[in-house]
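Each remark here refers to the structure printed beneath this line.
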Amino acid sequence: MTEWTAFPHAGDYAFDAASVKKNWLHLHQGDLEPLPHEPAVLQGWVWFHNGEFQKAAEAGLLAGGHGITVANRATCVYANYLEGHEKTKLALFLEVAKRAEAQQMADPNNANAWFWQAYALGRYSQSISVTKALAQGLGSKVKQALEQTIRLSPSHAHAHVALAAFHAEVIDKVGALIGGMIHGAKKGLGLALYEEALRLKPGSAIAMVEYARGLVMLEGDPAIEQATRLYEQAAASAPLDANERLAVDLAARELQD
(Lines give C-alpha, C1' and ligand atoms only; values in the text may rest on other atoms or scores of the structure.)
Protein backbone atom coordinates (compact mmCIF):
# COMPACT_ATOMS: atom_id res chain seq x y z
CA MET A 1 0.00 0.00 0.00
CA THR A 2 1.37 3.43 -0.98
CA GLU A 3 2.17 5.68 1.97
CA TRP A 4 -0.82 7.86 2.81
CA THR A 5 -0.63 11.55 3.64
CA ALA A 6 -0.29 11.97 7.40
CA PHE A 7 -3.02 13.42 9.60
CA PRO A 8 -1.99 17.07 10.04
CA HIS A 9 -2.50 17.05 13.81
CA ALA A 10 -0.49 13.93 14.59
CA GLY A 11 -0.14 13.41 18.33
CA ASP A 12 -3.13 15.53 19.33
CA TYR A 13 -5.19 12.42 20.08
CA ALA A 14 -3.87 9.62 22.27
CA PHE A 15 -6.60 7.05 22.57
CA ASP A 16 -5.78 3.52 23.67
CA ALA A 17 -8.01 0.46 23.80
CA ALA A 18 -9.34 1.33 27.25
CA SER A 19 -10.23 4.94 26.42
CA VAL A 20 -11.83 3.99 23.10
CA LYS A 21 -14.00 1.43 24.92
CA LYS A 22 -14.88 3.96 27.62
CA ASN A 23 -15.86 6.61 25.05
CA TRP A 24 -17.31 4.24 22.45
CA LEU A 25 -20.91 5.43 22.58
CA HIS A 26 -19.85 9.05 22.16
CA LEU A 27 -17.26 8.31 19.49
CA HIS A 28 -19.76 6.24 17.51
CA GLN A 29 -22.91 8.23 18.11
CA GLY A 30 -22.99 9.04 14.41
CA ASP A 31 -22.56 5.56 12.93
CA LEU A 32 -23.78 3.32 15.80
CA GLU A 33 -21.09 0.75 15.06
CA PRO A 34 -21.18 -1.97 17.74
CA LEU A 35 -18.21 -2.21 20.09
CA PRO A 36 -15.98 -4.96 18.67
CA HIS A 37 -14.98 -7.95 20.78
CA GLU A 38 -11.84 -8.71 18.75
CA PRO A 39 -8.72 -6.94 20.13
CA ALA A 40 -7.28 -6.51 16.62
CA VAL A 41 -10.42 -4.73 15.41
CA LEU A 42 -10.52 -2.53 18.51
CA GLN A 43 -6.89 -1.59 17.86
CA GLY A 44 -7.91 -0.57 14.34
CA TRP A 45 -10.42 1.80 15.85
CA VAL A 46 -7.78 3.17 18.25
CA TRP A 47 -5.62 4.09 15.28
CA PHE A 48 -8.61 5.53 13.45
CA HIS A 49 -9.64 7.86 16.28
CA ASN A 50 -6.01 8.99 16.69
CA GLY A 51 -5.77 9.89 13.00
CA GLU A 52 -3.53 7.00 11.96
CA PHE A 53 -5.85 6.17 9.10
CA GLN A 54 -3.53 3.95 7.09
CA LYS A 55 -2.72 1.79 10.12
CA ALA A 56 -6.43 1.57 10.89
CA ALA A 57 -7.28 0.49 7.35
CA GLU A 58 -4.50 -2.09 7.24
CA ALA A 59 -5.46 -3.50 10.64
CA GLY A 60 -9.11 -3.78 9.64
CA LEU A 61 -8.31 -5.54 6.39
CA LEU A 62 -5.98 -7.95 8.16
CA ALA A 63 -8.60 -8.73 10.82
CA GLY A 64 -11.41 -9.23 8.30
CA GLY A 65 -14.99 -9.71 9.50
CA HIS A 66 -16.02 -6.70 11.56
CA GLY A 67 -12.63 -5.18 10.82
CA ILE A 68 -13.78 -4.37 7.29
CA THR A 69 -15.89 -1.55 8.71
CA VAL A 70 -12.96 0.22 10.35
CA ALA A 71 -10.96 -0.29 7.14
CA ASN A 72 -13.76 1.23 5.09
CA ARG A 73 -14.31 4.18 7.38
CA ALA A 74 -10.61 4.95 7.69
CA THR A 75 -10.20 4.78 3.92
CA CYS A 76 -13.20 7.01 3.23
CA VAL A 77 -12.22 9.63 5.78
CA TYR A 78 -8.67 9.68 4.47
CA ALA A 79 -9.76 9.87 0.83
CA ASN A 80 -12.31 12.59 1.52
CA TYR A 81 -10.16 14.90 3.63
CA LEU A 82 -6.50 14.17 3.01
CA GLU A 83 -5.80 12.47 -0.34
CA GLY A 84 -4.58 15.07 -2.79
CA HIS A 85 -4.46 13.01 -5.97
CA GLU A 86 -7.83 12.68 -7.66
CA LYS A 87 -7.06 9.36 -9.36
CA THR A 88 -5.98 7.79 -6.06
CA LYS A 89 -9.01 9.19 -4.27
CA LEU A 90 -11.39 7.69 -6.83
CA ALA A 91 -9.64 4.33 -6.62
CA LEU A 92 -9.93 4.31 -2.83
CA PHE A 93 -13.64 5.06 -2.94
CA LEU A 94 -14.21 2.26 -5.45
CA GLU A 95 -12.23 -0.16 -3.28
CA VAL A 96 -14.46 0.67 -0.32
CA ALA A 97 -17.64 0.29 -2.37
CA LYS A 98 -16.51 -3.14 -3.55
CA ARG A 99 -15.55 -4.30 -0.05
CA ALA A 100 -18.78 -3.00 1.45
CA GLU A 101 -20.85 -4.79 -1.17
CA ALA A 102 -19.10 -8.07 -0.33
CA GLN A 103 -19.69 -7.33 3.35
CA GLN A 104 -23.41 -6.90 2.68
CA MET A 105 -23.56 -10.32 1.06
CA ALA A 106 -21.85 -11.91 4.06
CA ASP A 107 -23.81 -9.92 6.65
CA PRO A 108 -26.92 -8.29 5.11
CA ASN A 109 -28.10 -6.89 8.45
CA ASN A 110 -24.89 -4.92 8.98
CA ALA A 111 -26.06 -1.33 8.63
CA ASN A 112 -22.57 0.07 8.10
CA ALA A 113 -21.90 -2.33 5.23
CA TRP A 114 -24.69 -0.50 3.40
CA PHE A 115 -23.64 2.91 4.67
CA TRP A 116 -20.00 2.75 3.59
CA GLN A 117 -20.95 1.52 0.14
CA ALA A 118 -23.30 4.49 -0.19
CA TYR A 119 -20.79 6.96 1.22
CA ALA A 120 -17.99 5.76 -1.06
CA LEU A 121 -20.17 5.81 -4.17
CA GLY A 122 -21.57 9.21 -3.17
CA ARG A 123 -18.12 10.77 -2.83
CA TYR A 124 -17.01 9.07 -6.03
CA SER A 125 -20.05 10.56 -7.77
CA GLN A 126 -19.23 14.04 -6.52
CA SER A 127 -15.71 13.68 -7.85
CA ILE A 128 -16.64 12.52 -11.35
CA SER A 129 -19.68 14.90 -11.42
CA VAL A 130 -23.08 14.09 -10.01
CA THR A 131 -24.72 14.42 -13.43
CA LYS A 132 -22.40 11.81 -14.92
CA ALA A 133 -22.89 9.53 -11.92
CA LEU A 134 -26.67 9.76 -12.23
CA ALA A 135 -26.43 8.77 -15.87
CA GLN A 136 -24.44 5.70 -14.80
CA GLY A 137 -27.13 4.69 -12.30
CA LEU A 138 -24.99 5.38 -9.24
CA GLY A 139 -27.58 7.72 -7.74
CA SER A 140 -30.14 4.97 -7.26
CA LYS A 141 -27.47 2.71 -5.69
CA VAL A 142 -26.54 5.43 -3.22
CA LYS A 143 -30.15 6.23 -2.35
CA GLN A 144 -31.16 2.59 -1.91
CA ALA A 145 -28.14 1.77 0.24
CA LEU A 146 -28.74 4.76 2.51
CA GLU A 147 -32.42 3.95 2.86
CA GLN A 148 -31.45 0.38 3.77
CA THR A 149 -28.98 1.72 6.35
CA ILE A 150 -31.75 3.72 8.01
CA ARG A 151 -34.15 0.77 7.91
CA LEU A 152 -31.57 -1.34 9.73
CA SER A 153 -30.39 1.47 12.03
CA PRO A 154 -33.07 4.20 12.34
CA SER A 155 -30.89 6.45 14.53
CA HIS A 156 -27.87 6.39 12.19
CA ALA A 157 -27.07 10.12 12.05
CA HIS A 158 -24.43 9.84 9.35
CA ALA A 159 -26.85 8.03 7.05
CA HIS A 160 -29.38 10.82 7.51
CA VAL A 161 -26.72 13.38 6.56
CA ALA A 162 -25.64 11.40 3.50
CA LEU A 163 -29.21 10.84 2.31
CA ALA A 164 -29.94 14.54 2.77
CA ALA A 165 -26.85 15.30 0.68
CA PHE A 166 -28.15 12.98 -2.04
CA HIS A 167 -31.39 15.00 -2.28
CA ALA A 168 -29.47 18.29 -2.28
CA GLU A 169 -26.89 17.24 -4.87
CA VAL A 170 -29.46 15.83 -7.27
CA ILE A 171 -31.73 18.87 -7.08
CA ASP A 172 -28.76 21.21 -7.42
CA LYS A 173 -27.49 19.44 -10.54
CA VAL A 174 -30.65 18.47 -12.44
CA GLY A 175 -33.36 20.63 -10.87
CA ALA A 176 -36.28 19.88 -8.59
CA LEU A 177 -38.64 18.67 -11.32
CA ILE A 178 -36.36 16.12 -12.99
CA GLY A 179 -34.70 15.29 -9.68
CA GLY A 180 -38.04 14.45 -8.14
CA MET A 181 -39.59 12.63 -11.09
CA ILE A 182 -36.61 10.52 -12.10
CA HIS A 183 -34.43 10.24 -8.99
CA GLY A 184 -36.88 10.69 -6.12
CA ALA A 185 -35.08 13.77 -4.78
CA LYS A 186 -37.18 16.15 -2.67
CA LYS A 187 -36.13 19.47 -1.19
CA GLY A 188 -38.33 19.23 1.89
CA LEU A 189 -37.17 15.71 2.67
CA GLY A 190 -33.55 16.70 2.27
CA LEU A 191 -33.88 19.57 4.72
CA ALA A 192 -35.77 17.37 7.19
CA LEU A 193 -33.03 14.73 7.02
CA TYR A 194 -30.34 17.31 7.87
CA GLU A 195 -32.39 18.45 10.86
CA GLU A 196 -32.92 14.87 11.99
CA ALA A 197 -29.19 14.16 11.77
CA LEU A 198 -28.47 17.06 14.11
CA ARG A 199 -31.19 15.87 16.47
CA LEU A 200 -29.62 12.42 16.53
CA LYS A 201 -26.09 13.80 17.00
CA PRO A 202 -26.32 17.35 18.39
CA GLY A 203 -23.28 19.52 17.77
CA SER A 204 -21.85 17.26 15.06
CA ALA A 205 -19.31 19.25 13.06
CA ILE A 206 -19.64 16.73 10.23
CA ALA A 207 -23.41 17.19 10.07
CA MET A 208 -23.21 20.99 10.33
CA VAL A 209 -20.71 21.26 7.48
CA GLU A 210 -22.82 19.05 5.23
CA TYR A 211 -26.02 20.88 6.21
CA ALA A 212 -24.42 24.21 5.35
CA ARG A 213 -23.46 22.94 1.90
CA GLY A 214 -26.88 21.41 1.36
CA LEU A 215 -28.69 24.58 2.36
CA VAL A 216 -26.88 26.60 -0.29
CA MET A 217 -27.65 23.96 -2.92
CA LEU A 218 -31.33 23.76 -1.98
CA GLU A 219 -32.07 27.39 -1.06
CA GLY A 220 -29.44 29.44 -2.88
CA ASP A 221 -28.34 32.90 -1.75
CA PRO A 222 -31.10 33.34 0.88
CA ALA A 223 -29.52 30.47 2.84
CA ILE A 224 -25.98 31.89 2.93
CA GLU A 225 -26.44 33.54 6.33
CA GLN A 226 -27.76 30.35 7.93
CA ALA A 227 -25.04 28.30 6.23
CA THR A 228 -22.39 30.66 7.57
CA ARG A 229 -23.76 30.23 11.10
CA LEU A 230 -23.51 26.47 10.71
CA TYR A 231 -19.92 26.73 9.53
CA GLU A 232 -19.14 29.00 12.49
CA GLN A 233 -20.68 26.56 14.94
CA ALA A 234 -18.79 23.66 13.38
CA ALA A 235 -15.48 25.55 13.40
CA ALA A 236 -15.97 26.47 17.07
CA SER A 237 -16.88 22.97 18.20
CA ALA A 238 -14.52 20.79 20.24
CA PRO A 239 -13.62 17.70 18.18
CA LEU A 240 -13.51 14.44 20.12
CA ASP A 241 -11.24 12.62 17.67
CA ALA A 242 -9.26 12.96 14.45
CA ASN A 243 -12.29 12.49 12.18
CA GLU A 244 -14.17 15.34 13.86
CA ARG A 245 -11.00 17.47 13.79
CA LEU A 246 -10.87 17.20 10.01
CA ALA A 247 -14.48 18.38 9.78
CA VAL A 248 -13.74 21.31 12.08
CA ASP A 249 -10.73 22.24 9.93
CA LEU A 250 -12.91 22.09 6.82
CA ALA A 251 -15.48 24.40 8.38
CA ALA A 252 -12.76 26.90 9.25
CA ARG A 253 -11.48 26.84 5.65
CA GLU A 254 -14.99 27.41 4.30
CA LEU A 255 -15.28 30.54 6.46
CA GLN A 256 -12.01 31.87 5.04
CA ASP A 257 -13.08 31.45 1.42
Side-chain angles (χ1 to χ4, degrees), residues 1-7 9-83 91-121 123 145-146 148-150 152-153 155-159 162 200-201 204 206 239-247:
M1 185 181 283
T2 305
E3 193 73 19
W4 288 3
T5 301
F7 175 60
H9 308 288
D12 282 11
Y13 301 94
F15 287 100
D16 57 17
S19 57
V20 166
K21 288 173 74 172
K22 180 180 179 181
N23 292 284
W24 187 265
L25 292 179
H26 194 182
L27 287 166
H28 290 271
Q29 189 179 3
D31 69 353
L32 301 182
E33 177 69 11
L35 176 67
H37 299 295
E38 307 94 324
V41 178
L42 182 61
Q43 183 59 45
W45 284 113
V46 170
W47 280 322
F48 172 80
H49 293 298
N50 287 339
E52 296 185 79
F53 299 118
Q54 186 166 19
K55 282 186 178 181
E58 290 172 345
L61 291 175
L62 186 62
H66 293 104
I68 298 301
T69 302
V70 66
N72 285 347
R73 184 168 178 182
T75 303
C76 280
V77 169
Y78 169 77
N80 186 52
Y81 292 101
L82 296 175
E83 178 52 57
L92 289 172
F93 285 137
L94 289 179
E95 285 176 15
V96 170
K98 184 177 179 179
R99 286 198 300 262
E101 189 168 9
Q103 193 180 22
Q104 293 163 16
M105 296 178 70
D107 185 7
N109 292 321
N110 184 332
N112 281 320
W114 296 93
F115 176 72
W116 289 110
Q117 180 199 30
Y119 183 97
L121 289 178
R123 293 300 191 195
L146 289 171
Q148 179 66 0
T149 304
I150 293 171
L152 292 169
S153 184
S155 297
H156 198 297
H158 290 172
L200 292 168
K201 194 174 189 296
S204 167
I206 295 168
L240 186 61
D241 72 347
N243 188 177
E244 291 185 0
R245 180 68 172 274
L246 290 170

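- Ile150 is linked by a side chain to side chain contact (heavy atoms under 4.5 Å, CB included) to Ala159, His160, Leu163, counting only residues two or more places apart in sequence or in another chain.
- When the options Leu146, Asn80, Val96 are evaluated for a side-chain contact (heavy atoms from CB on, under 4.5 Å) with Tyr119, the one that passes is Asn80.
- Contacts of Arg245 classified as salt bridge (charged side-chain N to carboxylate O under 4.0 Å, His left out), with partners at least two apart in sequence or in another chain: Asp12, Asp249.
- Partners of Glu33 according to the side-chain hydrogen bond (donor to acceptor under 3.5 Å, both in side chains) rule, which considers only residues two or more places apart in sequence or in another chain, are Asn112.
- Partners of Glu244 under the salt bridge (charged side-chain N to carboxylate O under 4.0 Å, His left out) rule, at least two apart in sequence or in another chain, are Lys201.
- Every residue two or more places apart in sequence or in another chain that forms a side-chain hydrogen bond (donor to acceptor under 3.5 Å, both in side chains) with Ser19 is listed here: Asp16.
- In terms of the ring pair (Phe, Tyr, Trp, His ring centres under 6.0 Å) criterion, His158 has no residue partners (sequence neighbours excluded).
- The two residues Gln29 and Leu200 make their nearest non-hydrogen contact at NE2-O, 3.2 Å.
- Under the rule for a side chain to side chain contact (heavy atoms under 4.5 Å, CB included), Lys22 has no partner lying at least two apart in sequence or in another chain.
- Taken to the nearest 0.5 Å, the CH2 atom of Trp47 stands 11.0 Å off from the CG atom of Leu42.
- Contact of the Leu61 side chain with the Glu58 side chain is not registered, since no non-hydrogen atoms from C-beta on lie closer than 4.5 Å.
- In terms of heavy atoms, Ala40 sits closest to Ala63 at CB-CB, 4.3 Å.
- Here the side chains of Thr75 and Trp116 are not in contact, with every heavy-atom distance at 4.5 Å or above.
- To the nearest 0.5 angstrom, Gln54 atom CD is 11.5 Å from Leu82 atom CG.
- Using a 3.5 Å distance cut-off with no hydrogens or angles, the side chains of Gln103 and Thr69 do pair a donor with an acceptor.
- Scored by the side-chain hydrogen bond (donor to acceptor under 3.5 Å, both in side chains) test, Thr149 finds no partners at all (sequence neighbours excluded).
- The distance from atom CG of Asn243 to atom CD1 of Ile206, rounded to the nearest 0.5 Å, is 4.0 Å.
- A search for side-chain hydrogen bond (donor to acceptor under 3.5 Å, both in side chains) contacts involving Glu83 returns Tyr78, His85, not counting sequence neighbours.
- Nearest heavy-atom pair across Ala97 and Ala120 is N-CB, 3.9 Å.
- Partners of His28 under the ring pair (Phe, Tyr, Trp, His ring centres under 6.0 Å) rule, at least two apart in sequence or in another chain, are Trp24, Trp45, His49.
- Pairs passing the salt bridge (charged side-chain N to carboxylate O under 4.0 Å, His left out) check and including a residue from residues 64-82, sequence neighbours excluded, read Asp31-Arg73.
- Among all heavy-atom pairs drawn from Phe15 and Asn50, the shortest one is N-OD1, 2.7 Å.
- Listed by first and then second residue, the salt bridge (charged side-chain N to carboxylate O under 4.0 Å, His left out) pairs involving residues 34-56 are Glu52-Lys55 (not counting sequence neighbours).
- The two residues Ala118 and Ala145 have their closest heavy-atom pair at CB-CB, 3.7 Å.
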